Structures are given as C-alpha cells and as structure tokens.
Q: 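First the structure, then my questions, so here it is.
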Amino acid sequence: MEIEKIKKEIVLEMDNAADSAAVEKLRIKYLGRNGEINSLFKKLKDLPVAERRKIGPKLQSLKSELGALFSNRLEVSKKTSVAASVDLTAPAKKVSKGHLHPLTLVDAEIRRIFLGLNFSVVEGPEVESEYYNFDALNVPANHPAREMWDTFWLKQEARDKRPETKLLLRTHTSPVQIRYMEKNNPPFQIIVPGKVFRYEATDASHEVNFYQLEGLMVGKNVSLANFKFVVEEFFKKFFRGQKIEFRYRPGYFPFTEPSVEVIIKLPAHGGALPDGGRGASGGENRWLEVMGAGMVHPKVFEYAGYNPRDWQGFAFGVGIDRLAMIKYKIPDIRMFYSGDLRFIKQF
Ligand code: FA5
C-alpha cells in the first residue's frame, strides 16, 4: 500500500471540491464507516504479520491526518460560501421604525391646536421651590388646601426656612404662571406642558407622575366667556370626529376665583372603566375630571408683581393623560407607563 500516494490523491480531490457539500461527500467517501480508509484497514488482516506491523500505524496516522485536513477544509469552504452568497445588489432588510408614545402624540396635538389659537409654549422646572409651587399661588404654609396636592419633598441638608429655598417635585404646572408673569408683561396667552408629580396611591385614573398642560391668558378684559370659547374650541379640534359630552361644575382652587372644573363623560370602552377622577361621580355616570380652571386670583397677580386692578385673566390646568385616555379609549392610566410593547405598538 502506498500510503503517501493515497494521501496526495485525496488532498488533490479535496482541493478541487467546489463547495462544502462536495468536501463533505469526499469525507464520507474516505473516512465514513464504509469508506475507503476503513476498507484498507480490513485488508490489513490478509497481509503477513511483518507487513501489518509496518503499515498498520501508517494507516492510522493517515486516518487522523485526513480527519484534521477535512475539518479544516470544511471550515474554510463554509466561510467562503457565506461570502459568495452575499448579494450586494439585493435590497436592504426593512428596519422596523419606532413608534411615538400615545402621550407624545397627544402632547404634540395639543401644542399644535393652541399654537393655532395664538398661544405661545413656555416651560418650567420639574424641581420647584415651595414658594412657586404653593405660596405665590396663594397657598400659604398650613393652609388646608395644601392637602389637595400630596407632595414629594426633596431631602436637603442645610438650608434656611424660607419657602424660596425649600425644594419639591412640582405637583402641578401652575408655578410656571408666576415664573412667567415675573418676567413678562401682559397682554399674553401661554400654555405650559410638563411632567408633574404627586405622592398618592395609583388607580385607574391616578398616577404618581403624569402630565399637565397649564394655560394662562391675561389682558385688560379677559373673562370667563373667553375661557369657555378657548376650551370649547380646543375640545372641538382635539376630539375631532368623536362625540364627547362635557360639563362645567363649580370648583375650588386658592389661585382662581371663581373656579370651575371640567368633566367629560367617558366613551364606551371594551374593557373595565376607570372610576371617576377625584370628586367626579363614579359608578353609572362615569364622568372623568380633566381640567381645573378659573379667573386668576388678585393675590396671584400681586405675588407676580402686577396690579390686580389693571389686569384680569383666566388660567386652567388640564390632565394630558386623561385626555389621551378619552381620545384613545384607554381604561387605565397606568397602561401609559407599563412599557408593554403590545400596548405601545398600537399607536
Ligand atoms: C391642579 O393641579 C391645578 N393646578 C389646576 C388649575 C390650574 C386650576 C389653573 C385653576 C387654574 P388638579 O389637582 O385638579 O388641579 O389637577 C388638574 C388635572 O390634572 C385634573 O383635572 C386631572 O385631569 C389631572 N390629574 C390630577 N391628579 C392626577 C393624577 N394623579 N393622575 C393623572 N391625572 C391627574
């Protein structure tokens, strides 16, 4: 048996194999259980003992050498066949695009509508001082109305006792009313969208952090009638094509006088319905409180540095999440913050 010759022939065949399938076929032909190398082993027993002793080990080492050569060659041909199969002219795979969150969509829609009504967009800080969040809005320390807003207070080391230096996470967007009025003169009309925080238990219509949109219009003759027009114009555009029923009812806010609340009847949902908002009637009626509003309190003008005899205005604060719930018929506010892709992907 000429072991070297056999090896050369196999290696030559291996080199000529077109692809990995052909290499594999060769491997089976030579190294398979019924392959040629095994049949050479079988032939050994017909040889004289001296021959057997000489050829046996050579055949064995040929077998292991071929094993290594084949696996090497297979590896190489797999790699090159992948490269050969890349079609540079093929169209790219479609990358799925991200979705805008329903609250982002609603926020953008609200801004667009108010810009159309000639309002400007203003923003303010989420970490606020006690002064802007409460005192300057006519809610002094120990006033019972502070209980309307359960507050996250910030831990602070050394500080003096003034409300200007005591920090909290703003409980509403109203502090921006004061911030804006301190630096600007009327007449003007602004909206203030933003994140707010409340230290309260969550349920289907209450979250710990949610979004509000503040509105403020100040001028010589601004009245509640103007407020009514703006709000109804807004609802008409926002709920375009949707039939919604809404009501005004008297309310109380220390920073407006008189004060009103706007409640909207929830459209029918497939699933469970949230109970009403705070103070809204729950049960069968299913009204959801969406907005607090009123005529700016003279004290608030004084805090901002205006003469209340010269100016009047209306202000409102609307829950963006709640508007989104009504628009998209979402039964539970917590779904917005669940991060559940099955929910988000529907928008
Ligand atoms: C206020 O926050 C007042 N600053 C609103 C205001 C502004 C009144 C200007 C007068 C003038 P209230 O706490 O009711 O009020 O909240 C206003 C709206 O925010 C509610 O109508 C509701 O739509 C929404 N809201 C309140 N609490 C939550 C909550 N926990 N989760 C989701 N939305 C809420």
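Read the numbers this way: they start at 1 and go in the same order the structure lists the ligands and their atoms. Keep in mind the model is a prediction, meaning the values are calculated, not measured. Residues: numbered from 1 along the sequence shown.
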Q: Can you tell me how far the CE atom of Met14 sits from the CZ atom of Phe70, to the nearest 0.5 Å?
A: 4.0 Å
Q: What atoms of ligand 1 come closer than 4.0 angstrom to any heavy atom of Ser174?
A: 4 (N), 7 (C)
Q: Identify, by atom number and element, the atoms of ligand 1 in contact range of Glu289, meaning under 4.0 Å from any of its heavy atoms.
A: 14 (O), 20 (C), 21 (O), 22 (C), 23 (O)
Q: Under the 3.5 angstrom rule, does the side chain of Arg73 hit a backbone N or O of Ala17 as a donor-acceptor pair?
A: yes
Q: Take every heavy atom of Phe314, measure it against each atom of ligand 1, and state whether any distance is under 4.0 Å.
A: no
Q: Using the salt bridge (charged side-chain N to carboxylate O under 4.0 Å, His left out) definition, which of the options Lys195, Arg170, Arg179 pairs with Glu128?
A: Arg179
Q: Compute the shortest N/O to N/O distance between Glu214 and ligand 1 and return yes if it is under 3.5 Å, no if not.
A: no
Q: Counting only heavy atoms, tell me which of Thr171, Ile333, Val260 gets closest to atom 32 (C) of ligand 1.
A: Ile333
Q: Taking only heavy atoms of Met291 into account, list the atoms of ligand 1 that are under 4.0 Å away from them.
A: 21 (O)
Q: Check this for me: Asp15, atom CG, are more than 12 non-hydrogen atoms of other residues, nucleotides or ligands nearer than 6.0 Å?
A: yes
Q: Heavy-atom pairs closer than 4.0 Å: do any link ligand 1 to the side chain of Phe255, the backbone, both, or neither?
A: side chain
Q: Which ligand 1 atoms, with their elements, are less than 4.0 angstrom from a heavy-atom of Gly319?
A: 18 (C), 19 (O), 23 (O), 24 (C)
Q: Does a donor on one side chain and an acceptor on the other come within less than 3.5 Å for Ser174 and Glu214?
A: yes
Q: Which of the atoms of ligand 1 are close to Thr256, meaning less than 4.0 Å from one of its heavy atoms?
A: 10 (C), 11 (C)
Q: Taking Glu13 first and then Lys25, would you say they form a salt bridge - that is, a charged N and a carboxylate O separated by under 4.0 Å?
A: no
Q: For Phe316, run the ring pair (Phe, Tyr, Trp, His ring centres under 6.0 Å) check against Phe255, Phe114, Phe234 and tell me which one passes.
A: Phe114
Q: Under 4.0 Å between a Lys/Arg side-chain N and an Asp/Glu carboxylate O for Arg146 and Asp135?
A: yes
Q: In terms of atom number and element, which parts of ligand 1 are under 4.0 angstrom from non-hydrogen atoms of Gln177?
A: 9 (C)
Q: Hey, does Gly215 sit under 4.0 Å from ligand 1 if you only count heavy atoms?
A: no
Q: Do other residues, nucleotides or ligands put more than 12 heavy atoms under 6.0 Å from the NZ atom of Lys5?
A: no
Q: Which option out of Arg198, His172, Met148, Glu261 puts a heavy atom nearest to atom 12 (P) of ligand 1?
A: Arg198
Q: N/O of His206 under 3.5 Å from N/O of ligand 1, yes or no?
A: no
Q: Is there a nitrogen or oxygen of Val290 sitting under 3.5 Å from a nitrogen or oxygen of ligand 1?
A: yes
Q: Below a 4.0 angstrom heavy-atom separation, can you tell me which part of Ser205, side chain or backbone, both or neither, approaches ligand 1?
A: backbone
Q: With nothing but distance in play, are any N or O atoms of Glu200 less than 3.5 Å from an N or O of ligand 1?
A: yes
Q: Does Ala315 reach ligand 1 with a nitrogen or oxygen that is under 3.5 Å from one of the ligand's nitrogen or oxygen atoms?
A: no
Q: Is the number of heavy atoms from other residues, nucleotides or ligands within 6.0 Å of OH (Tyr199) greater than 12?
A: no
Q: Are there over 12 heavy-atom neighbours, none belonging to Glu75, within less than 6.0 Å of that residue's CD?
A: no
